[in-house]
Enquirer: 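Structure in structure tokens, see below.
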Amino acid sequence: MNTPVRRLSFLVAALFAALLVSTTLIQYVFASDLNGRPDNRRTLLATYARERGEILVGQNPVAKSVPTDDEFKFQRTYDDPELYAHITGFYSFFGAVGGLEQSENSLLSGASDKLFYRRVSDLFTGRRPSGATLETTLDPAVQKAASDGLGDAKGAAVALDPKTGAILAMVSHPSFDPNTVAGHDLGTVDKNYQALTKATDRPLVNRAIGGDLYPPGSVFKVVTAAAALSTGDYTADSELPGPAELDLPLTNATLPNHDGGACSPSGKVSLEQALVVSCNTAFGDLGMKIGADTLREQAAKFGFGDAPSVPMRVTPSSVPAELDEPQLAQSAIGQYDVRVTPMQMAMVAAGVANKGVVMQPYLVQSVIGSDLSVIETAEPTELSEAVTPEVASTLTDMMVAVVDDGTGRRAQISGTKVAGKTGTAEHGKGRRAHAWFISFAPADDPKIAVAVVVEDGGTAGSETSGGAVAAPIAKQMMEARLNR
């Protein structure tokens, strides 16, 4: 064999070897990665050929798959779509996005290891494989009350069962219609999805558990009061300074009250009265006296710094790590760089309501197989003891006084004791404050704990306050639960 022919034969042999190696890699080594690619049309079509499980609110499916005559086999549809959009998320040819569709995708699609034996059973019985159904903890009446209360305003509302942690409502506004991004016309779906992602009001963001977190304003005073009471050095009757302005050390700046006046004619207030009238100067002074470590540790006991899965991931709320005294005073009233989710503030209210014990929030009550058997059921889980039962009782009395005699009067419910706290959170010069309210009811046997935030005070204009804007929404939510 001459040299050119020999060289050519080596080249051809090398090419065949490369082809064999690449084929082996594609078929065996990279197979699972290729199958899992979001742009793998064959895999997605196979997924669509399997009926996806339902998402239930009560006994009503708010997300379900219906048969079609096209190549996708099933169409995902959403009932009452804008009311539950951030609960369900959506499922389209581009994959599962947001809500339970994404966080519980393996269960809904039937691919979860928890469904392994059912898949084997389907293989032998010839039964068409399908995903599991998720039964949520939501109370539809509370969910609707929250959404109706927020109306056209931006904001969020969360309601919890304080004794179990079950999420009774989780609403974020503005919302969207998941049906517009779950169709089979891929061009239209892509156009609608791009419009949602580029919208300036960010409707895809679930403000109840994430996004750009909010300053809590005066609702954080419940955490500051809890920290003070837990030291043993303070009671509800402890006297605090309540001047019109608090001189801050290390600076020429002062911390004023919301109305510009003193919190009482004498300039002195009890801890309870300071909460009732939401006295900034009293709580700013209190924060500096108890110290940054005490405040941060108390916040952590309520869940600050944690990233719970409900099963969607909740963005951690935070209190700054390094605080000088002026920053500490501002943090004690929920300003400076304190940032929270409405879920976190609902957990604060629920922790006080539940005699100091914070329960792990959860949204899925049970997972149901295609044969209607219960695969798993949620069990209430204790997250932490934020305060002792004695401190929780004192805080409850103080929060009842807020609603009975203070800034939270618009949350009063006839025949029911309501505990609550208002908040008006500044978040930038020249911008209207966010309106907050946290509460629980009945105060002596809580069935519901609520947190509401209305961005920029909604449509209240110059009358923005937590008591005027957010408290009526919380009242509607509590009444919806109590009137079941």
Side-chain angles (χ1 to χ4, degrees), residues 36 52-57 62-63 84-91 95-115 131-139 143 156-172 178 204-214 299-319 339-351 354 357-368 374-386 449-451:
R52 198 169 173 84
E54 296 179 340
I55 300 174
L56 303 179
V57 175
V62 295
Y84 296 107
H86 293 98
I87 299 293
T88 61
F90 60 90
Y91 186 77
V97 179
L100 292 173
E101 293 280 26
Q102 181 174 351
S103 64
E104 298 295 85
N105 180 51
S106 62
L107 283 169
L108 290 167
S109 68
S112 171
D113 290 341
K114 297 175 183 178
L115 305 176
T133 290
L134 305 182
E135 181 183 19
T136 70
T137 59
L138 296 175
D139 183 326
Q143 182 84 359
V158 174
L160 301 174
D161 182 330
K163 297 176 182 177
T164 66
I167 298 172
L168 305 176
M170 184 166 64
V171 171
S172 176
L204 292 178
V205 173
N206 187 345
R207 289 163 161 83
I209 60 173
D212 295 332
L213 304 195
Y214 299 98
K301 290 178 180 179
F302 277 112
F304 281 70
D306 294 342
S309 171
V310 297
M312 296 90 87
R313 180 181 180 274
V314 181
T315 303
S317 298
S318 63
V319 176
R339 293 294 181 269
V340 302
T341 61
M343 176 64 74
Q344 176 61 73
M345 293 315 300
M347 290 167 64
V348 170
N354 195 36
V357 176
V358 181
M359 304 299 290
Q360 170 73 40
Y362 63 95
L363 181 60
V364 177
Q365 182 60 53
S366 58
V367 179
I368 303 170
V374 177
I375 297 171
E376 63 180 21
T377 300
E379 294 292 337
T381 304
E382 181 178 321
L383 187 65
S384 65
E385 183 180 69
V450 172

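Remember, it's a predicted structure, so these values are computed and weren't measured experimentally.
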Enquirer: State, to 0.1 Å, how close Ala449 and Ala346 come at their nearest heavy-atom pair, and which atoms those are.
Expert: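 Heavy atoms only, the tightest pair is CB-O, 4.2 Å.
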
Enquirer: With a 4.5 Å cut-off on side-chain heavy atoms, are Pro380 and Tyr362 touching?
Expert: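 Yes, side chains in contact.
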
Enquirer: Given side chains that start at C-beta, do those of Leu363 and Leu138 come closer than 4.5 Å, heavy atoms only?
Expert: yes

Enquirer: Search all heavy atoms of Ile167 against all heavy atoms of Thr137 and return the closest pair with its distance.
Expert: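 Taking every non-hydrogen atom into account, O-OG1, 2.6 Å.
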
Enquirer: Taking side chain as C-beta onward, heavy atoms only, is Val348 less than 4.5 Å from Phe304?
Expert: yes

Enquirer: Indicate yes or no: at least one non-hydrogen side-chain atom of Tyr214 is less than 4.5 angstrom from one of Arg207.
Expert: yes

Enquirer: Taking the side chain as everything from C-beta on, heavy atoms only, tell me whether Val314 gets closer than 4.5 Å to Thr341.
Expert: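 Yes - at least one pair of side-chain heavy atoms lies under 4.5 Å apart.
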
Enquirer: Under the 3.5 angstrom rule, does the side chain of Ser384 hit a backbone N or O of Val358 as a donor-acceptor pair?
Expert: no

Enquirer: Which atom names give the shortest non-hydrogen contact between Leu213 and Arg339, and what distance separates them?
Expert: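 That would be O-CD, 3.6 Å.
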
Enquirer: Kindly say whether Glu379 contributes a backbone atom to a donor-acceptor pair with the side chain of Thr381 at under 3.5 angstrom?
Expert: yes

Enquirer: Quick one: pull up CG in Leu134 and CD1 in Ile375 and give me the separation to the nearest 0.5 Å.
Expert: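 Rounded to the nearest 0.5 Å, the CG-CD1 separation comes out at 9.5 Å.
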
Enquirer: If we check side-chain contact (heavy atoms from CB on, under 4.5 Å) with Ile55, which of these qualifies: Leu108, Val364, Thr133?
Expert: Leu108

Enquirer: Quick one, Met359 and Leu383 - any side-chain contact, counting heavy atoms below 4.5 Å?
Expert: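 Side-chain contact under 4.5 Å: no.
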
Enquirer: Is any side-chain heavy atom of Pro361 closer than 4.5 Å to a side-chain heavy atom of Met343?
Expert: yes

Enquirer: If you compare all heavy atoms of Val158 against all heavy atoms of Ala208, which two are closest, and at what distance to 0.1 Å?
Expert: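 Val158 and Ala208 have their closest heavy atoms at CG2-CB, 3.7 Å.
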
Enquirer: Please confirm whether the backbone N or O of Met170 pairs with a side-chain atom of Gln143, one donor and one acceptor, at under 3.5 Å?
Expert: yes

Enquirer: Decide side chain to side chain contact (heavy atoms under 4.5 Å, CB included) for Met312 and Leu100; before the verdict, give the C-alpha distance in whole Å, the side-chain angles of both, and the deciding distance to 0.1 Å.
Expert: CA-CA 7 Å; Met312 296 90 87; Leu100 292 173; 3.9 Å; yes

Enquirer: To check you understand the geometry: which heavy-atom pair defines the closest contact between Ala350 and Pro162, and what is its length?
Expert: O-CB, 3.7 Å

Enquirer: Return the CZ to OG distance between Phe302 and Ser317, rounded to the nearest 0.5 Å.
Expert: 13.0 Å

Enquirer: Give me each pair satisfying side-chain hydrogen bond (donor to acceptor under 3.5 Å, both in side chains) with a member in residues 159-172, each pair once, sequence neighbours excluded.
Expert: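 side-chain hydrogen bond (donor to acceptor under 3.5 Å, both in side chains) check on residues 159-172 returns Lys163-Asp445.
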
Enquirer: Under the side-chain hydrogen bond (donor to acceptor under 3.5 Å, both in side chains) rule, what pairs show up with a residue in residues 300-309, not counting sequence neighbours?
Expert: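 Counting only pairs at least two positions apart or across chains, no side-chain hydrogen bond (donor to acceptor under 3.5 Å, both in side chains) contact touches residues 300-309.
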
Enquirer: Would the distance check show the side chain of Arg52 and the main-chain N or O of Glu101 forming a donor-acceptor pair, the cut-off being under 3.5 Å?
Expert: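 Flag set: sc Arg52 to bb Glu101 pair under 3.5 Å.
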
Enquirer: Side chains of Ser366 and Glu376, heavy atoms from C-beta outward: is any pair under 4.5 Å?
Expert: no

